[in-house]
Structure formats: C-alpha cells, structure tokens
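Reading through the structure tokens given below for one structure.
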Amino acid sequence: AAPDDPSPVIQGFIQKYTDEYGATPDALGALGYDAANLVFDALKRTNGEGGAALRDALAATKDFQGVTGVINFNATRDAVKPAV
C-alpha cells in the first residue's frame, strides 16, 4: 500500500489508518489489514462458522483485492500475491 498509489482503495485505507493512528501505515500495517479482511471475507462466506469451514473458505479464496494487491491461495494454502 504505497502512499503515492492513487488507487481510491489504497488512499482510503491510508486515510483511515492515519486518522486512527496518526501515522502513515507501514508494510506490516497493510499486511495485517489484508489478513484481517481475508478472515472477515471467509467468515461471511461460511455464515460465521469457524473451524474446518473457515479453513476451507480461506483456502478457496480467489482474486481477493487487498490493499497490498490481489491475493490467492495455492494448493498448499500459501498466499500467492505480488511482492510489490
């Protein structure tokens, strides 16, 4: 989530983060934001069910648009996303 990226999604995240914490987000802030939103998205798809259903929903995630880029998961459940 580069501060100079003009994307409305990224600029919205940076503004919310700055308003809340009084600083520009770093890489860990952006990655944490994406991680939490991945879980929220998977919980919606499982109607709040956790455990194996949540695990499977996360593994089935395709083309999740995060502030750090598009996120997918491979067959071994590793995140596949751009480095920059």
Side-chain angles (χ1 to χ4, degrees):
D4 60 344
D5 187 320
S7 162
V9 171
I10 293 173
Q11 289 304 311
F13 161 69
I14 291 170
Q15 186 63 53
K16 286 189 278 186
Y17 188 99
T18 303
D19 289 349
E20 182 69 25
Y21 301 107
T24 303
D26 59 10
L28 292 179
L31 289 167
Y33 182 81
D34 279 353
N37 281 309
L38 278 165
V39 172
F40 298 149
D41 178 68
L43 281 169
K44 285 181 197 172
R45 290 185 278 129
T46 64
N47 294 316
E49 187 177 342
L54 180 58
R55 177 202 61 212
D56 293 344
L58 283 167
T61 298
K62 299 288 181 226
D63 299 325
F64 180 86
Q65 182 60 58
V67 296
T68 62
V70 176
I71 303 168
N72 290 287
F73 289 91
N74 65 18
T76 57
R77 298 187 180 130
D78 294 317
V80 177
K81 58 188 291 326
V84 290

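Just so you know, these numbers use all the heavy atoms, side chains as well, and skip hydrogens, waters and symmetry mates.
- The two residues G66 and D34 make their nearest non-hydrogen contact at CA-OD1, 3.3 Å.
- Here OG1 of T68 is found 5.0 Å from CG of L31. Values are rounded to the nearest 0.5 Å.
- In plain terms, the two heavy atoms of T46 and A53 that are nearest each other are CG2-O, 3.4 Å.
- Between V70 and K81 there is no side-chain heavy-atom pair separated by less than 4.5 Å.
- Here the closest non-hydrogen pair linking V67 and V9 is CG1-CG1, 4.1 Å.
- Using a 4.5 Å cut-off on side-chain heavy atoms (C-beta onward), P25 and T18 make contact.
- By the side-chain hydrogen bond (donor to acceptor under 3.5 Å, both in side chains) test, Y33 pairs with K16, sequence neighbours left out.
- Between the side chains of D78 and T76, at least one donor N or O sits under 3.5 Å from an acceptor N or O.
- R77 places a side-chain heavy atom less than 4.5 Å from the side chain of D56.
- For Q11 (side chain) and D5 (main-chain N/O), a donor-acceptor pair under 3.5 Å exists by modelled atom type.
- For K44, the NZ atom is loosely surrounded, since the number of other residues' heavy atoms within 6.0 Å does not exceed 12.
- Partners of F64 under the side chain to side chain contact (heavy atoms under 4.5 Å, CB included) rule, at least two apart in sequence or in another chain, are N37, L38, D41, T61, I71.
- With values rounded to the nearest 0.5 angstrom, I14 atom CD1 is found 8.0 Å from D4 atom CG.
- The side-chain hydrogen bond (donor to acceptor under 3.5 Å, both in side chains) check on E20 picks up nothing, with sequence neighbours excluded.
- Both I10 and Y21 sit in one connected hydrophobic cluster of ILVMFWY residues. Membership requires side-chain heavy atoms under 4.5 Å apart, directly or through other members.
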